[in-house]
Amino acid sequence: MPTITLPDGSTKSFDGPVTALAVAQSIGPKLAAAALGCKVDGELRDLSTLLDRDCSLAIITERTRDKQPDKDALFLMRHTAAHIMAEAIQDVLGKEIQLAYGPPTDTGFFYDMFVPAGKSISSDHFAAIDARMAAIIKENRPITRYELPAGEGLAKLKAEGNKYKLDNAERALGLPPTQYKGAKSDAEPKAAASNANARLSFYATGEAGKNWEDLCRGPHVPSTGRVGAAKVMSLASSYWHGDENSDRLMRVYGTAFASQVELDSHLTQLEEARKRDHRVVGKALRLFHIDDQVGQGLILWTPNGSVLRQQLADFIGEELRKQGYHQVFTPHIGRLELYKTSGHFPYYKDSQYPPIIEREALEQLMAQGCGCAEMMNRVEGVSARLAASLNERTGREVIAADRVRPDEELLDGYMLKPMNCPHHIKIFASQPHSYRDLPVRLAEFGTVYRWEQSGELNGMTRVRGFTQDDAHLFCTEEQVPAEIVGCLSLVKTILTTLKMNDYRVRVGLRDPDGAKYTGTAENWDRAEKACRDAARSMGVPFTEAPGEAAFYGPKIDFMIKDVIGREWQLGTVQVDYNLPIRFDLSYIGPDNKPHRPVMIHRAPFGSFERFCGVLIEHFAGAFPAWLAPEQVRVLPISEKTNDYAVSVVDALKAKGLRATVDLGGDRIQAKVKEAADMKVPYMAVVGPRDAENNAVSVRARGIQKDLGAMPLAAFVDAIAREVATRGAEPLQING
RNA sequence: GCCACCGUAGCUCAGUGGUAGAGCACUCCCUUGGUAAGGGAGAGGUCAAGGGUUCAAAUCCCUUUGGUGGCUCCA
């Protein structure tokens, strides 16, 4: 006699078990007709779910009360669409395509499948797959769920010969995988393994035993027709369970919406996003260039982009001076021993460029007949002296005995720096410090190099060489909270000035069971509390992420959403107990004894490259005047006013403004269009009328008309003020 | 790294085995025009690089190189 509680708090009682659909029908036929699925005690389920005990129930329909697409409804539709696409692909390309894993995602769904040698799926097949999908949707076949006892289900899958599905089932049942010995087992054997009642569920797209079916946890919409519109989007490769040592699969992406109109508008939105893409805008506005011959992932800052970067650097430089930072400069390379001490080498060698070895040393090795393997051993080796002191300081074996080599065998070299901290530490350590000196804040726009996999590279947002607006703060334990707050307020100032308000803050904390962390539990507790308190004081949404801390300390990351909805980690603040130990840093305390300082790493922008990439998309290239590479373009009506136009540009330049003049033979309409295409914030149109009155006719970006004439001197002053205040006092025109 | 697609003029792109194309940008000429493209002419390419097949290759095949999308959220 189940009692069902509905979202409005009302209850309904039934004599015996009922399906969610029956409950919907008892509320109203329209609701039942619109229903796609349900939520039982908050869990998304099929409409056919049998409710046999008291529970809360919400019926999922295409739209929420305010007519917005319902997220759960989309999830259900896309899950079903994944099945429909898989069926369509097998229809088009053959049953030899083995299905592996096909879940919904935030923007659609994908299906990973094994494509046997000799077969391949390419975008040429998309039209056929789309057509087949549309047909299946039109057939409006019911989705049928059935369950088998675990043993029977496994036997069925074994008979079908799909090892991926078998593996999935074993994992779902909590059994040890028999199919993938080498694959990492993310699932701990669950209690379910011993549960004799464990069952596997299957979904047929139509009639069980007759139509296409798939091992699937569900849930799904009640019939294929309830998927409004679906489309294959793209292809990619993936690994089984994300494990690169496991099988390589083909991933087919698709998306589905409640209606064709919504699908179309999604596609249009993607198109719009592409127009804002920093790579597209960057090329059109000539902001940066990446050259094959220079190298992948290496940004060449062209004059226009350099203006952007310089303005950001100046902006942050001012803030740093206000906050008592010291500017430093350090080289782009450093000796390997430095990074052996810091721990960067060779532990992160997969993400670093290989070491630079001096030519003489190389020639000597060659003369000795030394092979590559031996050379790497000598490069990675550590002297007994360094190993002993590092192991002692850190209190554990950070340098294993087998890495220790006799001094005469060690081969030193240089490394492109992957981080700035070791250099800054050496500046700090170059002289003794009293507690009265602290905190010491060393800032540098430091360029670092990291070897990212080629497939990870992306325009300016994922690169191999980048310049961080980096700083390292050396302070006492007690000063940590105040310093973190200072760092966060800096980030907030920057983001607010740039009107980048769509971000969240993530506080990375240590794992509860973490044994891998450096530093004492008390220090960690204090630092984590400081991070949490500081994040809270910002007044922006923040989440705590246990396990996201670095091994050397907790951190605070700023995650910024770009126009395509991707999140980028930009600014970061990290507390570090490890490097002060490894480098044996100290300051003299009031007790006249040496104490260990704490380090804080922070980079408000992250890197200029990524930040500018995101900034370009944020503004779609239409930068505020203070950032714009070209702030004013002067447009003479005809060559008769060229001389006056030049004098206007000179007046603007005299105030330090970035102004150009278009002396070409085009008509004014063409000149206006060109300046608008380049997203110049202000145009100063000048003709005989203006020349006579020593005035300019102003046109602002985004406003499709002439804003009228204003005296030249007033215009120059107004623009200069807008730029100097970074947009806080914009040009006012009576228009 | 891996899978799919792609690389043709400065930019955006046509060109499926038979003499390398268009629009924009550029240079010059005409036009001297008051707010999102006035008209004409010209110049510009080792078709990413290398190799192969062919009487003939931008086009077909192989290799290299670069770019784009993607590489999980228990079935």
Side-chain angles (χ1 to χ4, degrees), chain A residues 75 79 82 99-106 109-112 115 120-126 153 157 162 164-174 185-188 190 192 200-203 214-218 233-244 247-253 270 274 277 279-280 283-284 286 289-297 350 451-459 635-642 664-677 683-690 697-701 703-709:
Chain A
F75 183 93
H79 198 177
L99 305 177
Y101 174 47
T105 64
D106 286 345
F109 58 89
F110 62 79
Y111 216 119
D112 282 350
V115 180
S120 86
I121 305 178
S122 88
S123 46
D124 293 343
H125 299 116
F126 284 6
L157 291 169
N162 181 325
Y164 305 103
K165 287 292 170 183
L166 190 52
D167 191 45
N168 281 334
E170 284 168 350
R171 286 171 193 249
L173 292 169
S185 171
D186 40 346
E188 294 291 317
K190 290 175 203 160
L200 289 171
S201 59
F202 295 81
Y203 281 82
D214 193 11
L215 168 78
C216 181
R217 187 176 56 131
M233 299 295 288
S234 62
L235 293 168
S237 86
S238 65
Y239 298 103
W240 182 233
H241 287 276
D243 179 356
E244 59 184 297
D247 291 15
R248 233 184 352 264
L249 302 171
M250 172 78 89
R251 172 168 297 182
V252 188
Y253 278 88
L270 285 180
R274 229 185 318 274
D277 188 307
R279 291 163 303 190
V280 174
K283 196 172 257 182
R286 297 193 289 272
H289 175 64
I290 299 173
D291 194 279
D292 295 5
Q293 243 179 346
V294 173
Q296 288 183 293
D350 287 350
W451 194 89
E452 300 276 359
Q453 294 196 103
S454 64
E456 299 280 3
L457 299 174
N458 177 286
L635 309 177
I637 295 288
S638 78
E639 286 170 19
K640 287 175 190 160
T641 41
N642 276 3
D666 286 325
R667 293 176 57 194
I668 192 64
Q669 287 84 343
K671 291 180 181 180
V672 166
K673 179 180 189 302
E674 209 170 305
D677 283 348
M683 295 176 222
V685 176
V686 293
R689 278 205 307 267
D690 306 289
S697 298
V698 182
R699 183 178 170 125
R701 181 181 55 209
I703 299 171
Q704 310 263 331
K705 59 174 186 179
D706 175 9
L707 293 177

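Protein chains get the first letters and strands the later ones, always in sequence-line order, with residue 1 at the start of each.
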| request: Please determine, by modelled atom types, if A:Asp112 and A:Tyr239 share a side-chain donor-acceptor pair under 3.5 angstrom. | output: no
| message | By nearest atom, which of the nucleotides B:G69, B:A75, B:U35 is closest to the A:Leu215 side chain? | response | B:A75
| Now, which nucleotide makes the Watson-Crick or G-U wobble pair with B:C47, with each of the two distances under 3.5 Å? | none
| Looking just at side-chain N and O atoms, do A:Asp214 and A:Tyr111 make a donor-acceptor pair shorter than 3.5 Å? | yes
| Donor-acceptor contact below 3.5 Å, side chain A:Lys671 vs main chain A:Val685 | no
| task | Have a look at A:Gly459 and say if it touches a base, only the backbone sugar-phosphate, or nothing, with a 4.0 Å heavy-atom cut-off. | result | sugar-phosphate
| said: Distance check needed: B:U68 P versus A:Glu456 CD, whole Å only. | reply: 12 Å
| said: For the C1' atoms, the ones on B:G51 and on B:U46, what distance do you get once it is rounded to whole angstrom? | reply: 15 Å
| request: Look at A:Arg699 and B:G34 and indicate whether a side-chain polar atom (N or O) is within less than 4.0 Å of OP1 or OP2. | output: no
| field | Nearest-Å distance for atom pair CD1/C1', residues A:Ile290 and B:G10 | value | 17 Å
| Under a 3.5 Å cut-off for both distances, is B:C24 Watson-Crick or wobble paired, and to whom? | B:G10
| task | Looking at every strand, decide which applies to A:Ala676 at a 4.0 Å heavy-atom threshold: base, sugar-phosphate, or nothing. | result | base
| query | Would you say A:Ser697 reaches B:G34's phosphate, i.e. side-chain N/O to OP1/OP2 under 4.0 Å? | reply | no
| query | Atom CD of A:Glu170 to atom P of B:C74: distance rounded to whole Å? | reply | 18 Å
| task | Please give the nucleotide sitting opposite B:C60 as a Watson-Crick or G-U wobble pair, both distances under 3.5 Å, or none. | result | B:G52
| Nearest-Å distance, CE (A:Met683) to C1' (B:G34)? | 14 Å
| task | Answer with base, sugar-phosphate or nothing: what part of the nucleic acid does A:Glu674 contact at a heavy-atom distance below 4.0 Å? | result | nothing
| With respect to the side chain of A:Glu639, which nucleotide from B:C3, B:G1, B:U32 is positioned closest? | B:U32
| Which part of the nucleic acid does A:Ser638 contact within heavy-atom distance under 4.0 Å: base, sugar-phosphate only, or nothing? | base
| field | Mate of B:G34 where both pairing distances stay under 3.5 Å, Watson-Crick or G-U | value | none
| Interatomic spacing from CD in A:Glu170 to CG in A:Leu157 - rounded to 0.5 Å | 9.0 Å
| Under 4.0 Å between a side-chain N/O of A:Tyr101 and OP1 or OP2 of B:A75, yes or no? | yes
| field | Given B:A75, B:G70, B:G33, the nucleotide with the shortest approach to the side chain of A:Pro103 | value | B:A75
| Nearest to side-chain heavy atoms of A:Pro688, which nucleotide of B:C73, B:G70, B:G34 | B:G34
| message | Please report the distance, rounded to the nearest Å, between CE in A:Met233 and P in B:U68. | response | 18 Å
| message | Tell me the closest heavy-atom pair linking A:His79 and A:Cys216, and the distance in Å. | response | NE2-SG, 3.4 Å
| field | Least distance between heavy atoms, A:Leu457 atom then A:Gly297 atom | value | CD1-N, 4.0 Å
| query | Rounded to the Å, how far apart are A:Lys671 NZ and B:U35 C1'? | reply | 12 Å
| query | Considering heavy-atom distances to RNA chain B, does A:Leu200 or A:Asp690 have its closest nucleotide positioned more toward the 5' end? | reply | A:Asp690
| field | A:Asp292, nearest nucleotide to its side chain (from B:C2, B:G69, B:G66) | value | B:G66
| message | Quick check on B:G69: is either OP1 or OP2 less than 4.0 Å from any side-chain nitrogen or oxygen of A:Asn458? | response | yes
| request: Find which nucleotide of RNA chain B each of A:Ser201 and A:Gly687 is nearest to by heavy atoms, and output the residue with the more 5' nucleotide. | output: A:Gly687
| said: By nearest atom, which of the nucleotides B:G69, B:A36, B:U32 is closest to the A:Val672 side chain? | reply: B:A36
| Taking only side-chain nitrogens and oxygens of A:Gln669, does any of them come within less than 4.0 Å of OP1 or OP2 of B:A36? | no
| What integer number of Å spans the C1' atoms of B:G10 and B:U19? | 26 Å
| message | Suppose you measure atom C1' in B:G15 against the same atom in B:U32; what distance do you get, rounded to whole Å? | response | 41 Å
| task | Could you please name the option among B:C2, B:G69, B:G34 that lies closest to any side-chain atom of A:Asp277? | result | B:G69
| Could you state the OH-P distance from A:Tyr239 to B:G70, rounded to the nearest angstrom? | 16 Å
| request: May I ask which nucleotide in the shown strands pairs with B:C71, Watson-Crick or G-U wobble, both distances under 3.5 Å? | output: B:G1
| Any A:Arg279 side-chain nitrogen or oxygen under 4.0 Å from OP1 or OP2 of B:G69 | yes
| field | Student check: side-chain heavy atoms of A:Leu215 and A:Tyr203 closer than 4.5 Å | value | no
| query | Among B:A36, B:A75, B:G70, which nucleotide sits nearest the side chain of A:Ser237? | reply | B:G70
| When you compare B:A58 with B:A14, how far apart are their C1' atoms, in angstrom units rounded to a whole number? | 12 Å
| Among B:G69, B:A75, B:A37, which nucleotide sits nearest the side chain of A:Lys673? | B:A37
| query | From B:C2, B:G1, B:G33, pick the nucleotide closest to the side chain of A:Ile637? | reply | B:G33
| request: Return the value, rounded to whole Å, for the distance between atom CZ of A:Arg667 and atom P of B:U31. | output: 14 Å
| Integer angstrom distance from the C1' of B:A4 to that of B:A56 | 32 Å
| query | With sugar-phosphate meaning primed atoms plus P, OP1 and OP2, does A:Gly665 contact a base, only sugar-phosphate, or nothing at under 4.0 Å between heavy atoms? | reply | base
| Is the closest side-chain heavy-atom distance between A:Ser638 and A:Arg667 below 4.5 Å? | no
